Trainee: 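Below is a structure I'd like to ask you about.
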Amino acid sequence: MFTARCILGTSAKYLTSLPAQRQQIKLQNRMSTSLRPLVEEAKGRGASMVFLPEAYDYIGSSREETLSLSESLTGDTISQYSQLARKLEVWLSLGGFHERGHNWESDRRIYNSHIIINDKGEIISVYRKSHLFDVELPEKGVSLKESAFTIPGPSLVSPVQTPIGKVGLGICYDLRFPELSLALQRQGADILTYPSAFTVATGAAHWEVLLRARAIETQCFVLAAAQVGRHHEKRSSYGHALAVDPWGEVLGDCGGEKPGMVLVEIDLEKVSSTRRNMPVQQHRRNTDFYQSLEKS
Ligand SMILES: O=C(O)CNC(=O)[C@H](CS)NC(=O)CCC(=O)C(=O)O
């Protein structure tokens with residue numbers, strides 16, 4: 001039996017609209033002013049892996065701001081986090097990094113990238129969000145067009161072996177596409193991760209139901225670090241970073257008020273016993289079975 005511990009971090013705003021000359025200063029302190037103490041505390045409490053939400057680096061108040069603050073994987077932000085991981089000997093899931101695209105100089109487009117860093121500070125995996133949140137809900141005051149600045153990721157990445165188990169990578173809106181979670185499960189994931197910045201309206205209606213459904217269907221742990229609180233006058237996030245076990249039970253919830261963390265035990269025996277007792281993956285019909293409907 002293998003037991004490990006991990007932490008989910010929620011965070012509020014890291015960077016809002018600041019006067020231009022202050023932005024550079026704030027940027028250099030981006031981590032030290034906000035997340036470093038959380039990660040240190042997590043390690044102090046025994047975490048072997050720490051999960052930070054989507055847009056843990058910043059949430060811009062305009063497309064221009066979001067783009068101008070973006071960096072590449074070799075920039076300061078990632079290098080600070082890899083130093084921290086190495087110093088604390090902790091694994092990190094950096095849930096959504098604003099990564100300059102490969103043709104940044106010509107197209108000024110970014111990826112929304114989920115990065116796994118190991119306890120030696122090395123980048124182990126990079127998954128680029130594949131479903132972009134272009135959604136208008138007029139009655140609920142939601143209007144976001146992620147594709148205006150983001151390139152959809154080209155592919156899924158194989159689950160990553162970590163000290164807490166095999167971790168499958170998704171980001172936020174990807175949560176709504178169960179075929180993605182099943183694909184990761186089929187490739188051996190024990191744990192699915194959906195670092196997020198859910199809107200308040202969609203979060204209140206769907207967040208917990210979706211996360212628990214993904215856990216129940218795949219019989220995986222689901223870990224979802226989440227942004228919480230008000231980022232700027234146009235944007236707030238629902239919060240409730242959640243950890244769910246393979247039976248669908250909520251193991252931890254960071255609440256919807258303020259930044260915080262929750263420590264959860266990942267006992268992989270729960271994955272095997274849940275799958276042994278109710279072997280839904282063995283009962284699954286193949287794709288031909290469903291295509292029979294299209295042929296009829
Ligand atoms: O904008 C950034 O800087 C970082 N990206 C995000 O916050 C993304 C795209 S706008 N947010 C979501 O996908 C919310 C999904 C959601 O709320 C739902 O599925 O209901």
Side-chain angles (χ1 to χ4, degrees), residues 9-18 23 26-27 30 34-35 51-71 77 93-101 108-115 126-153 169-181 192-214 222 224-242 256:
T10 49
S11 50
K13 61 180 178 187
Y14 296 116
L15 201 119
T16 54
S17 35
L18 291 168
Q23 275 189 2
K26 182 88 179 183
L27 254 176
R30 220 188 255 167
S34 48
L35 284 173
F51 294 81
L52 303 176
E54 183 182 37
Y56 71 92
D57 48 355
Y58 58 86
I59 288 195
S61 51
S62 66
R63 181 176 171 273
E64 288 65 38
E65 191 181 46
T66 299
L67 288 172
S68 69
L69 295 174
S70 65
E71 290 179 17
T77 299
S93 149
L94 305 176
F97 170 65
H98 298 85
E99 183 198 3
R100 291 196 170 176
R108 303 257 305 164
R109 286 283 184 281
I110 59 177
Y111 290 112
N112 187 344
S113 304
H114 181 172
I115 295 158
V126 179
Y127 163 67
R128 300 179 171 100
K129 187 182 187 189
S130 42
H131 301 93
L132 300 183
F133 192 64
D134 288 358
V135 174
E136 298 272 348
L137 305 169
E139 286 104 75
K140 307 206 184 294
V142 173
S143 171
L144 286 165
K145 195 169 188 338
E146 190 172 22
S147 67
F149 49 93
T150 309
I151 317 162
L169 306 183
I171 303 178
C172 195
Y173 187 51
D174 285 334
L175 168 60
R176 294 180 181 272
F177 302 87
E179 56 275 35
L180 183 149
S181 61
L192 300 175
T193 51
Y194 294 101
S196 296
F198 250 55
T199 71
V200 174
T202 58
H206 301 157
W207 175 247
E208 182 174 330
V209 180
L210 286 171
L211 289 167
R212 294 183 63 199
R214 294 301 82 85
V222 172
Q227 293 279 349
V228 65
R230 197 167 163 80
H231 311 293
H232 50 77
E233 69 278 5
K234 287 178 291 189
R235 183 123 185 234
S236 298
S237 290
Y238 178 65
H240 290 279
L242 219 66

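Only heavy atoms go into these numbers, but all of them, side chains included; no hydrogens, no water, no symmetry mates. Numbering of ligands and ligand atoms starts at 1, following listing order. Please read all numbers here as calculations on a predicted model, not as lab measurements.
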Trainee: What atoms of ligand 1 come within less than 4.0 Å of a heavy atom belonging to Asn112?
Mentor: 5 (N)
Trainee: Of all the atoms in ligand 1, which lie at a distance below 4.0 Å from a heavy atom belonging to Glu146?
Mentor: 5 (N), 8 (C), 9 (C)
Trainee: What do you reckon, does His206 put a non-hydrogen atom under 4.0 Å from ligand 1?
Mentor: no
Trainee: Are any of the side-chain nitrogens in Glu99 or Arg128 under 4.0 Å away from the carboxylate oxygens of its partner?
Mentor: yes
Trainee: Between ligand 1 and His98, can you find any atom pair, the residue atom being a heavy atom, that is separated by under 4.0 Å?
Mentor: yes
Trainee: Of all the atoms in ligand 1, which lie at a distance below 4.0 Å from a heavy atom belonging to Thr199?
Mentor: 17 (O)
Trainee: Any sub-3.5 Å donor-acceptor pair from Tyr238's side-chain atoms to Gly256's backbone N or O?
Mentor: no
Trainee: Just to be sure I read this right, does ligand 1 sit under 4.0 Å from the backbone of Gln227, its side chain, both, or neither, counting only heavy atoms?
Mentor: neither
Trainee: For Thr77 and Asp57, test the side chains for any donor-to-acceptor distance below 3.5 angstrom and give the result as yes or no.
Mentor: no
Trainee: Please determine, by modelled atom types, if Ser237 and His231 share a side-chain donor-acceptor pair under 3.5 angstrom.
Mentor: yes
Trainee: Between ligand 1 and Arg176, is the shortest N or O to N or O distance under 3.5 Å?
Mentor: yes
Trainee: Heavy-atom contacts with Arg235 under 4.0 Å: which atoms of ligand 1 show up? List them by number with element.
Mentor: 1 (O), 6 (C), 7 (O), 11 (N)
Trainee: Using a strict 4.0 Å cut-off to heavy atoms of Thr202, name the atoms of ligand 1 that fall inside it.
Mentor: 16 (C), 17 (O), 18 (C), 20 (O)
Trainee: Within the 4.5 Å heavy-atom criterion, are His206 and Arg176 side-chain neighbours or not?
Mentor: yes
Trainee: Would you say the side-chain atoms of Ser93 and His114 include a donor-acceptor pair closer than 3.5 Å?
Mentor: yes
Trainee: Using a 4.0 Å heavy-atom threshold (strictly under), name the region of Lys129 that reaches ligand 1: side chain, backbone, both or neither.
Mentor: side chain
Trainee: Does a side-chain heavy-atom distance below 4.5 Å link Ile171 with Thr193?
Mentor: no
Trainee: Is the shortest side-chain N to carboxylate O distance from Lys129 to Glu146 below 4.0 Å?
Mentor: yes
Trainee: Are the side chains of Glu136 and Val142 in touch, meaning some heavy atoms are under 4.5 Å apart?
Mentor: no
Trainee: Could you identify the single nearest non-hydrogen protein atom to atom 5 (N) of ligand 1 and state the distance to 0.1 Å?
Mentor: Glu54 OE2, 3.4 Å
Trainee: Measuring from non-hydrogen atoms of Ile59 to any atom of ligand 1, is the shortest distance under 4.0 Å?
Mentor: no
Trainee: What verdict does the side-chain contact (heavy atoms from CB on, under 4.5 Å) test give for Tyr194 and Leu210, after you've listed the backbone C-alpha separation in whole Å, the side-chain angles of each residue and the deciding distance to 0.1 Å?
Mentor: CA-CA 11 Å; Tyr194 294 101; Leu210 286 171; over 6 Å; no
Trainee: How does Phe198 reach ligand 1, by side chain, by backbone, by both or by neither, if only non-hydrogen atoms under 4.0 Å count?
Mentor: both
Trainee: Any idea which of Leu144, Leu69, Thr66 brings a heavy atom closest to atom 10 (S) of ligand 1?
Mentor: Leu144
Trainee: Short list, please: which atoms of ligand 1 are under 4.0 Å from a heavy atom of Cys172?
Mentor: 11 (N), 12 (C), 13 (O), 14 (C), 15 (C)
